[in-house]
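For the single chain, residues carry numbers from 1 onward in sequence order.
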Amino acid sequence: MKALVLLSGGVDSATCLALAVEKYGAAEVLALSVFYGQTHNKELEAAQKIADHYKVTLKKLDLSIVFEGSDCSLLQGSQKDIPAQSYAEQIANTGGKPVSTYVPFRNGLFVSAAASVALSHGCEVIYYGAHSDDAAGNAYPDCSEAFNNAMNEAVRLGSGGQLEIQAPFVKLNKAQIVKKGLESGVPYKFTWSCYAGGEKPCGICGTCRDRAAAFAANGIADPAINEE
């Protein structure tokens with residue numbers, strides 16, 4: 001295979017998968033989803049629907065043990081509530097630290113694990129969906145361009161030059177990602193972003209607000225909510 005795509009089941013990773021399939025063809029793309037101890041399986045179920053749509057193989061990896069000591073509000077066992085605020089509102093109260101839904105060094109771990117999987121399957125590139133909205137204000141520092149560049153260099157060196165990372169949206173905001181995805185026909189009705197994991201997206205968590213604004217900026221309602 002040529003490319004491995006980290007597929008969370010959300011908007012950004014689904015759009016990454018579409019780009020990879022357009023470039024390499026479905027037979028040359030491997031998708032990887034990770035269970036990290038999140039409180040629900042909605043995003044993993046979404047990842048399977050998206051992989052099935054694009055007819056790519058989906059591998060699943062359990063890394064939950066790594067985060068057992070974390071009190072991140074997204075994880076099982078956390079005593080924290082998921083904030084019902086925008087990221088900007090949350091950042092205003094963090095003193096420059098990441099928001100409470102930041103899973104400790106998640107992208108660093110995911111990319112490192114993905115590198116091993118990718119090399120084992122002969123892949124040349126890893127795609128993941130980091131973007132500028134998530135990196136803004138240090139909300140998710142492992143989504144920044146500086147982080148991506150450092151990880152790319154580490155993976156390139158550690159693989160003997162066999163593998164690289166591509167974060168095609170690292171300089172884009174979510175509205176721009178959605179625009180690209182709509183042009184490519186990404187089946188956003190299958191995606192899931194909400195942190196809550198109910199029957200329907202909650203509409204008030206940071207990622208629901210971010211997602212709604214991105215679709216609104218493109219003049220449409222969220223297809224996943226309409227589908228519900």
Side-chain angles (χ1 to χ4, degrees), residues 6-14 33-50 60-110 128-144 147 169 173-175 177-178 188-217 221-228:
L6 278 166
L7 185 63
S8 71
V11 165
D12 315 314
S13 66
S33 290
V34 180
F35 175 68
Y36 54 92
Q38 56 267 56
T39 58
H40 62 81
N41 290 321
K42 299 286 285 191
E43 58 191 13
L44 297 176
E45 293 169 358
Q48 187 65 66
K49 291 178 183 178
I50 297 160
K60 299 176 182 178
L61 186 62
D62 186 347
L63 296 176
S64 57
I65 191 171
V66 177
F67 302 108
E68 284 183 344
S70 171
D71 196 28
C72 168
S73 57
L74 296 188
L75 301 177
Q76 297 172 8
S78 174
Q79 301 304 308
K80 295 179 180 177
D81 292 327
I82 295 171
Q85 298 172 306
S86 69
Y87 290 133
E89 291 170 324
Q90 293 176 54
I91 291 166
N93 298 317
T94 66
K97 295 181 179 179
V99 295
S100 74
T101 49
Y102 166 73
V103 182
F105 205 64
R106 180 176 67 177
N107 280 351
L109 179 64
F110 285 11
Y128 77 115
H131 61 88
S132 63
D133 283 347
D134 279 349
N138 216 35
Y140 296 103
D142 57 353
C143 289
S144 69
F147 173 85
F169 312 136
N173 61 37
K174 204 176 197 77
I177 296 170
V178 168
Y188 287 130
K189 65 181 182 180
F190 295 143
T191 61
W192 182 271
S193 302
C194 181
Y195 290 146
E199 286 301 313
K200 296 181 179 180
C202 72
I204 59 174
C205 68
T207 190
C208 274
R209 293 170 185 261
D210 196 35
R211 176 179 173 131
F215 281 103
D222 185 337
I225 293 176
N226 286 348
E227 181 73 5
E228 293 283 333

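Looking only at side-chain heavy atoms (C-beta outward), S70 and V103 stay at 4.5 Å or farther from each other. Taking 4.5 Å as the limit, every side-chain heavy atom of P223 sits out of range of all side-chain heavy atoms of F190.
Here the closest non-hydrogen pair linking Q38 and L75 is N-CD2, 4.1 Å. The shortest heavy-atom contact between I82 and Y195 is CD1-O, 3.4 Å. Of all non-hydrogen atoms in V178 and V11, the two that sit nearest each other are CG2-CG1, 3.9 Å. Considering all non-hydrogen atoms of both residues, D142 and Y102 come closest at OD1-CE1, 3.6 Å.
For the pair S13 (side chain) and S8 (backbone), a donor-acceptor distance under 3.5 Å is present. Under a 3.5 Å cut-off, the side chain of S33 and the backbone N or O of K60 do not form any donor-acceptor pair.
Taking the six-membered ring where the residue is Trp, F67 and Y36 present perpendicular rings, their angle passing 60° and hence far from 30°.
D222 pairs with exactly one of K174, R211, K189, R209 by the salt bridge (Lys or Arg N to Asp or Glu O under 4.0 Å) rule, that one being R211.
How far NZ of K200 is from NZ of K42: 11.0 Å, rounded to the nearest 0.5 Å. To the nearest 0.5 angstrom, S144 atom OG is 11.0 Å from D134 atom CG.
Residues F147 and F105 bring their aromatic ring centres within 6.0 Å.
Residue pairs that meet the ring pair (Phe, Tyr, Trp, His ring centres under 6.0 Å) test with at least one member in residues 72-95, sequence neighbours left out, are Y87-Y140.
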